[in-house]
Asks: 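Would you mind keeping the following structure in view while I ask a few things?
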2 protein chains.
Amino acid sequence: MLEQLKHKFHLNDSQWELFSSCLKKLKVPAKTTLLQEGEIAKRIFFIEKGCIRVLFNHDGRDLTLQFFFENETVASMESFKKGAPSLMGMETIEPCTLWFISKHDLDLLLPELEKVSGLRNKFTEYLFERMFLYMRHFFSFIKDSPLERYQNLIQEKPIVIQRVPQHYIASYLGISSVHLSRIKSQLVRKNMKSS
Amino acid sequence: MLEQLKHKFHLNDSQWELFSSCLKKLKVPAKTTLLQEGEIAKRIFFIEKGCIRVLFNHDGRDLTLQFFFENETVASMESFKKGAPSLMGMETIEPCTLWFISKHDLDLLLPELEKVSGLRNKFTEYLFERMFLYMRHFFSFIKDSPLERYQNLIQEKPIVIQRVPQHYIASYLGISSVHLSRIKSQLVRKNMKSS
DNA sequence: TACATTTGATAACAAATGTTATCGCCAGCC
DNA sequence: GGCTGGCGATAACATTTGTTATCAAATGTA
């Protein structure tokens, strides 16, 4: 199961052994807070089973930024990297089986891992991709209506529709849950007409 | 003037000589298209004088993504790097004095420049920062009202308010120019009351 | 100077979206 | 089986924001 990670980071056997020896397992129920907003992120999580949302609070309103599922890597990168208070929090949506590595361990490991030729390049590539993803997501916020954003989500991440409660999806799309209901019934009515 | 660049990239004298010999000067009037949406970006620009906006079209509507001013570096990074059609266009707002380096020249130069110890690290850092900036900008779109976004802009980038026509600012804030007018007059009325 | 163009403000109306409240459904739990 | 809490749909109403049109001021240019 975790072998995914080995390939993701292009590690050879001995590096993988080193790396995986630092991984710790964590089983938590739904609605567990993994990182509090304002806290300093000290762990990177890998999801074996379950799903997680990244969120933050604003005027008492709970806003969802992103969803993560099986085999994905989650961390509050800026906080983790800089040791600064995290702008966002993280919590489980479903009961989760997670693995994590602590910043402490990773810092010890990095000099060794960096000997891998090309690892740094891979990392830069990864950063690029993350950046491009954020940009596209941002674009869609500027140019698309809530209806279009919802349809995009159905197309591109149907797993979110299937597994995430609707009010989280609404806050992810930047609208109220009532309005998301409206959009859905609007779509249903449209489909009934056209068929 | 251009010496800024030398320090920005931490180049030594000989590298700077090499690099600057590839820079070409370009003077253009206001409203000049530097990169068409859909075109492949082949140049990175450095602004000596003037300002530039990054934009894209959607359903005939012209949407502004970012503004750049003196001593800033502009490119459609994803397109430049991947050789893919650019998702966004670039045009001058004011008459501009620019310097640019072509992708062709930069590719020739990079092997030489990469010998600089730490340059790659600096570049990764730069990517990180860009990414964090995008994330914060994105956050503000989710959590702030147009009024708050406008006030943030006044605080954080007053130069935009001073030099950019209002309808571009409106499209940057994600609202219509009429609504930005409303917000402004609303602020004026509030200030009159409180003083 | 005079003209055209760009820019910004405002009003009136339309559409989109939020808020609050209510109801029903369903899963989990005793 | 019956209760409870979480979730989602819907209605009614309030607020925000967009659209279109018009005018005035500022700016650039012949």
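Below, chain A is the first sequence line, B the second, and so on; all start at residue 1.
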Asks: Tell me the interatomic distance from K31(A), atom NZ, to dA27(C), atom C1', rounded to whole angstroms.
Replies: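 Roughly 14 Å, once rounded to whole Å.
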Asks: Using the rule given for side chain to side chain donor-acceptor pair (under 3.5 Å), can you reason through Q15(B) versus K6(B), listing the C-alpha separation, both sets of side-chain angles and the distance that settles it, and then say yes or no?
Replies: CA-CA 9 Å; Q15(B) 286 155 346; K6(B) 180 179 170 185; over 6 Å; no
Asks: Whole angstroms only, please: what is the NE2-P distance between H58(B) and dG18(D)?
Replies: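 Taking atom P of dG18(D) as the reference, NE2 of H58(B) is at 14 Å.
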Asks: Nucleotide by nucleotide, 5' to 3', does protein get under 4.0 Å of the base (B), only the sugar-phosphate (S), or neither (-) in nucleotides 10-17 of chain D, counting heavy atoms?
Replies: BBB----S
Asks: Any donor-acceptor pair under 3.5 Å linking the side-chain atoms of H58(B) with those of R61(B)?
Replies: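 No pair is found: no donor N or O on one side chain lies under 3.5 Å from an acceptor on the other.
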Asks: Testing the 3.5 Å rule here: is there a donor-acceptor pair between the side chains of S86(B) and S79(B)?
Replies: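 Absent: no donor and acceptor within the cut-off.
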Asks: Going by atom types only, do D144(B) and N152(B) share a side-chain donor-acceptor pair under 3.5 Å?
Replies: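 Indeed, the side chains of D144(B) and N152(B) share at least one donor-acceptor pair under 3.5 Å.
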Asks: Say whether S185(B) and R189(B), considering side chains only, have a donor N or O and an acceptor N or O under 3.5 Å apart.
Replies: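 Present: a donor and an acceptor within the cut-off.
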Asks: Could you state the atom-to-atom distance from CG of L180(B) to C1' of dT19(D) in whole Å?
Replies: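 So the CG-C1' distance, L180(B) to dT19(D), works out to 16 Å.
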Asks: Just by modelled atom types, is the H179(A) backbone N or O under 3.5 Å from a matching donor or acceptor in the S176(A) side chain?
Replies: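 Yes; judged by distance alone, with no hydrogens or angles, the pair exists.
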Asks: What one-letter contact string describes nucleotides 24-30 of chain D from 5' to 3', where B marks a base within less than 4.0 Å of any protein heavy atom, S marks contact via sugar-phosphate atoms alone, and - marks no contact?
Replies: -------
Asks: Whether the side chain of S20(B) engages the backbone of W16(B) through a donor-acceptor N/O pair (distance < 3.5 Å, no angle test) should be reported.
Replies: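 Judged by distance alone, yes, a pair lies under 3.5 Å.
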Asks: Measure from NE2 on H167(A) to C1' on dT20(C) and round the result to the nearest Å.
Replies: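 The distance from NE2 of H167(A) to C1' of dT20(C) comes to 17 Å, rounded to the nearest Å.
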Asks: Does a nitrogen or oxygen in the side chain of Q166(B) sit under 4.0 Å from OP1 or OP2 of dA9(C)?
Replies: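 True: Q166(B) side-chain N/O within range (under 4.0 Å) of dA9(C) OP1/OP2.
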Asks: What integer distance in Å separates D62(A):CG from dC7(D):P?
Replies: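 That distance rounds to 11 Å.
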Asks: At less than 4.0 Å, is any side-chain N or O atom of K184(B) found next to OP1 or OP2 of dG8(C)? Yes or no.
Replies: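 Checking dG8(C) against K184(B), no side-chain N or O comes under 4.0 Å of OP1 or OP2.
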Asks: Nearest whole angstrom, please: distance from the C1' of dG8(D) to the OH of Y168(A).
Replies: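 So the two atoms are 14 Å apart, to the nearest Å.
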Asks: Nearest of dG8(D), dT19(D), dA9(C) to any side-chain atom of R61(B)?
Replies: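 For R61(B), the side-chain atoms sit closest to dT19(D).
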Asks: Test side chain to side chain donor-acceptor pair (under 3.5 Å) on S102(B) and R43(B) and set out the steps.
Replies: CA-CA 4 Å; S102(B) 71; R43(B) 299 180 290 183; over 6 Å; no
Asks: Rounded to whole angstrom units, what separation is found between the CD atom of E94(B) and the P atom of dT6(C)?
Replies: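 To the nearest whole Å, that distance equals 17 Å.
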Asks: Rounding to a whole Å, what distance do you find between L187(B):CG and dA9(C):C1'?
Replies: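 Answer to the nearest Å: 15 Å.
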Asks: Going by atom types alone, do T64(B) and R53(B) pair a side-chain donor with an acceptor below 3.5 Å?
Replies: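 Yes - a donor-acceptor pair under 3.5 Å links their side chains.
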